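In what follows, a single structure is set out as structure tokens and then discussed.
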Amino acid sequence: MKKMLLFVLCIACGLAGPAHAGDRFPYKVKGEHKGGDVTPTQAWEMVQKDPEHTFIVDVRTRSEYQDIGHPAGAINIPWLFATFRPGKDGYDKVLNPNFAQDLLARFNPKTDTLLLLCRSAERTIAATTAAVDAGFPAERVFNVLGGFEGDKEKNPKSPDLGKRTLGGWRLEGLPWTYDMNPKLMYRRDFQQ
């Protein structure tokens, strides 16, 4: 009887996992920046609390936003653009020279809160500082820890070694999509 009760308890905890995913992942800030830090779950709660003035800004490349998926409702303003030049870790990337202007064209620094998200919360370190430098108050600009995909497993004994299995928006079970809504896609792509 005790074994059966323990088995049922284990199953119930496993099913409840996504609801408490934010408690499972030890997020780390990957560098200094001028804004704040939130977990993916905290970011989602902030959007739910004030959807008129709180926005998820996906700063990944346009192809990452489309091909890997993105948080539901996330607006794509790339921090970097992918090039076709081979580099050290795949194709080289170049800085979006219009990043700050793109933020200011889309959001109001006096009223809006920005939740910046990338793959694993590395690009957003610089992007968060750039948003503050552009005029958004530091108390309303946040780096979403873990990003969309989370960090890579580094334990050499893990079968997931090298895979992105450590946190992030998607692994926390938060709403995400592959849908490409023109209202959320990078605006300069529509300006010819």
Side-chain angles (χ1 to χ4, degrees), residues 18-19 21-22 24-25 27 29-30 33 35-83 89-91 93-96 98-107 112-131 134 136 140-152 163-191:
R24 292 192 326 227
F25 302 112
Y27 291 111
V29 178
K30 297 180 179 175
H33 58 85
D37 295 294
V38 293
T39 66
T41 296
Q42 290 168 332
W44 179 243
E45 289 169 354
M46 290 170 71
V47 170
Q48 297 303 299
K49 187 175 181 179
D50 186 12
E52 297 295 317
H53 297 288
T54 306
F55 301 94
I56 301 166
V57 181
D58 191 323
V59 306
R60 294 176 301 158
T61 65
R62 295 169 288 191
S63 59
E64 288 175 291
Y65 180 82
Q66 178 177 338
D67 296 339
I68 296 170
H70 50 272
I75 297 163
N76 183 225
I77 299 179
W79 172 247
L80 300 171
F81 294 120
T83 71
D89 295 321
Y91 291 108
K93 293 182 178 72
V94 296
L95 189 63
N96 174 357
N98 301 306
F99 182 77
Q101 295 146 328
D102 291 337
L103 289 177
L104 290 166
R106 187 116 195 191
F107 306 107
D112 294 340
T113 297
L114 305 182
L115 306 165
L116 279 66
L117 173 138
C118 63
R119 179 181 58 204
S120 63
E122 288 185 21
R123 282 174 269 183
T124 48
I125 296 297
T128 298
T129 293
F136 290 88
R140 285 204 309 268
V141 178
F142 295 89
N143 169 37
V144 179
L145 299 170
F148 186 68
E149 294 183 72
D151 286 323
K152 290 180 181 179
K163 296 177 185 172
R164 293 191 178 279
T165 59
L166 302 177
W169 187 276
R170 190 164 46 185
L171 285 176
E172 284 202 20
L174 298 169
W176 66 278
T177 184
Y178 290 110
D179 291 343
M180 296 299 289
N181 180 339
K183 292 179 182 176
L184 304 176
M185 294 165 63
Y186 185 50
R187 282 188 174 173
R188 287 189 189 260
D189 290 339
F190 296 97
Q191 299 169 357

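Only a predicted model underlies this, so the values are computations on that prediction, with no experimental measurement involved.
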Smallest separation among heavy atoms of [X] and [Y], with atom names:
| X | Y | result |
| --- | --- | --- |
| V59 | A127 | CG1-CB, 4.3 Å |
| M185 | R106 | O-NH1, 3.8 Å |
| A121 | V144 | CB-O, 3.4 Å |
| F81 | L95 | CD1-O, 4.5 Å |
| G168 | P40 | C-CG, 3.9 Å |
| A72 | W44 | O-CZ3, 4.4 Å |

Should T61 and R123 be marked as a side-chain contact (heavy atoms from CB on, under 4.5 Å) after you check the CA-CA gap, both sets of side-chain angles, and the distance that decides it? CA-CA 11 Å; T61 65; R123 282 174 269 183; 4.3 Å; yes
Take K30 and S120 through the side-chain contact (heavy atoms from CB on, under 4.5 Å) test and state the conclusion after the steps. CA-CA 9 Å; K30 297 180 179 175; S120 63; 3.6 Å; yes
Donor-acceptor check, side chain of [X] to backbone of [Y], threshold 3.5 angstrom: yes or no?
| X | Y | result |
| --- | --- | --- |
| R170 | I68 | yes |
| N96 | P78 | yes |
| W169 | P175 | yes |
| N181 | K183 | yes |
| H70 | Y65 | yes |
| K93 | W79 | no |

If you define the side chain from C-beta out and look only at heavy atoms, does anything of [X] sit under 4.5 Å from [Y]?
| X | Y | answer |
| --- | --- | --- |
| F55 | I77 | no |
| V47 | T54 | yes |
| F142 | M46 | yes |
| L184 | N76 | no |

Report the C-alpha distance between W176 and Y178 in whole Å, list the side-chain angles of each, state the deciding distance to 0.1 Å, and finish with yes or no for ring-ring contact (aromatic ring centres under 6.0 Å, His included). CA-CA 7 Å; W176 66 278; Y178 290 110; 5.2 Å; yes
Could you state the interatomic distance from [atom1] ([X]) to [atom2] ([Y]), rounded to the nearest 0.5 Å?
| X | Y | atom1 | atom2 | result |
| --- | --- | --- | --- | --- |
| L115 | T128 | CG | OG1 | 9.5 Å |
| I75 | L117 | CD1 | CG | 12.5 Å |
| L103 | N98 | CG | CG | 11.0 Å |
| L104 | F136 | CG | CZ | 5.0 Å |
| R119 | T124 | CZ | OG1 | 11.5 Å |
| T129 | H33 | OG1 | NE2 | 7.0 Å |

What pairs meet the salt bridge (Lys or Arg N to Asp or Glu O under 4.0 Å) rule with one or both residues in residues 35-59, with sequence neighbours excluded?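 Residue pairs with at least one partner in residues 35-59: D58-R60.
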Candidate pair R140 and D112, rule side-chain contact (heavy atoms from CB on, under 4.5 Å), full reasoning: CA-CA 7 Å; R140 285 204 309 268; D112 294 340; 5.9 Å; no
Ignoring hydrogens and angles, state whether a donor on the side chain of T41 or T39 is under 3.5 Å from an acceptor on the partner side chain.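 Side-chain D/A pair, T41 to T39: absent.
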Salt-bridge criterion met for R188 and D102 (N-O under 4.0 Å):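 Salt bridge present between R188 and D102.
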